[in-house]
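This chain uses plain numbering: 1 for the first residue, then up along the sequence.
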Amino acid sequence: QVQLVESGGGLVQAGGSLKLSCAASGRSFTGYAMGWFRQAPGKEREFVTDISWTGGRTDYADSVKGRFTISRDNAKNTVYLQMNSLKPEDTAVYYCAAERTAASLRRTSINYWGQGTQVTVSS
């Protein structure tokens, strides 16, 4: 069974930090880009960031540049999202995603999704 399982979400005050993790299992993810999307109530799901298999390419939405950092550990089949200087507008369900492509996940069809983890930033 192929699974992507997110963890690390929760409630944090504006200006604080959280670190999300996504552990992949059930098959080899060699060659897969992995990344994060988010969806707030009443809004479309939007791209946040992704990273290539080797870590040599990263992409960030303008709204999170300078505040969020993506990384991965292929020996653990895990991708991370370090979120600093959090704002109330970052409140959303965050979804882990994976697809076998060298391109950014920003405009790519995606076959594998996690169940999502809630991030809430209070004022």
#### Entry: Minimum heavy-atom distance Ala33-Thr101, with the two atoms named
CB-O, 3.6 Å
### Query
Is the backbone N or O of Ser122 less than 3.5 Å from a side-chain atom of Gln13, with the two atoms forming a donor-acceptor pair by type?
no
### Message
Tell me the closest heavy-atom pair linking Ser17 and Asn84, and the distance in Å.
### Response
OG-OD1, 2.9 Å
### Task
Show your working on side-chain contact (heavy atoms from CB on, under 4.5 Å) between Met34 and Leu4 and close with a plain yes or no.
CA-CA 10 Å; Met34 297 184 68; Leu4 302 176; 4.2 Å; yes
### Task
Quick one: pull up CD in Glu46 and CD in Gln39 and give me the separation to the nearest 0.5 Å.
9.5 Å
### Task
Walk me through it: do Arg38 and Thr91 pass the test side-chain contact (heavy atoms from CB on, under 4.5 Å)?
CA-CA 9 Å; Arg38 67 187 183 186; Thr91 296; over 6 Å; no
### Query
Testing Asp50, Asp62, Asp59 for salt bridge (Lys or Arg N to Asp or Glu O under 4.0 Å) with Arg106, which one passes?
Asp59
## Note on the structure
Output for pair (Thr108 OG1, Arg100 CZ), nearest 0.5 Å, gives 14.5 Å
### Over all atoms of both residues, closest heavy-atom pair of Ser52 and Arg72
O-NH1, 3.0 Å
### Message
Testing the basics here: between Cys96 and Glu6, what is the closest heavy-atom pair and its distance to 0.1 Å?
### Response
N-OE2, 2.8 Å
### Message
Measuring from atom OG of Ser21 to atom CD of Gln82, what distance do you get when rounded to the nearest 0.5 angstrom?
### Response
9.5 Å
### Task
Determine yes or no for a side-chain-to-main-chain donor-acceptor pair under 3.5 angstrom, with Arg57 supplying the side chain and Ala102 the backbone.
yes
#### Entry: Verify same cluster id: Leu20, Tyr95 (apolar side-chain graph, 4.5 Å)
no
### Message
side-chain contact (heavy atoms from CB on, under 4.5 Å) for Val12 and Met83? Distances and angles first, verdict last.
### Response
CA-CA 11 Å; Val12 66; Met83 303 185 292; over 6 Å; no
### Task
Run the salt-bridge test on Lys87 and Asp90 with the 4.0 Å N-O cut-off and return the result as yes or no.
no
### Task
Please name the pair of heavy atoms, one in Trp36 and one in Leu81, separated by the smallest distance, quoted to 0.1 Å.
NE1-CB, 3.6 Å
### Task
Say whether Tyr32 and Val2 are linked into one hydrophobic cluster, either directly or through other cluster members, by side-chain heavy-atom distances under 4.5 angstrom.
yes
### Message
Could you check whether atom CD of Glu89 has more than 12 heavy atoms from other residues, nucleotides or ligands sitting under 6.0 Å from it?
### Response
yes
### Task
Check whether any side-chain N or O of Asn74 sits under 3.5 Å from a backbone N or O of Thr54 as a donor-acceptor pair, and report yes or no.
no
### Message
Nearest 0.5 Å, please: how far is OG1 in Thr49 from CZ in Phe47?
### Response
5.5 Å
### Short side-chain to backbone donor-acceptor contact, Ser85 and Gly15, under 3.5 Å
no
### Summary
Heavy atoms of Val79 and Ser71 approach each other most closely as CG2-O, 3.1 Å
### Query
Can any side-chain N or O of Tyr80 pair as donor or acceptor with the backbone N or O of Asp73 at less than 3.5 Å?
no
### Task
With rounding to the nearest 0.5 Å, note down the distance linking CG in Leu105 to CZ in Arg107.
12.5 Å
#### Entry: Main-chain N/O of Ser28 paired with Thr30 side-chain donor or acceptor, under 3.5 Å
no
### Message
Test side-chain contact (heavy atoms from CB on, under 4.5 Å) on Phe68 and Leu86; report intermediate values, then the result.
### Response
CA-CA 9 Å; Phe68 291 10; Leu86 283 161; 3.9 Å; yes
### Query
To the nearest 0.5 Å, what is the distance between CZ (Phe29) and OH (Tyr112)?
6.5 Å
### Query
Do Val64 and Phe37 belong to the same hydrophobic cluster, where Ile, Leu, Val, Met, Phe, Trp and Tyr are linked whenever their side-chain heavy atoms lie under 4.5 Å apart, directly or via other members?
no
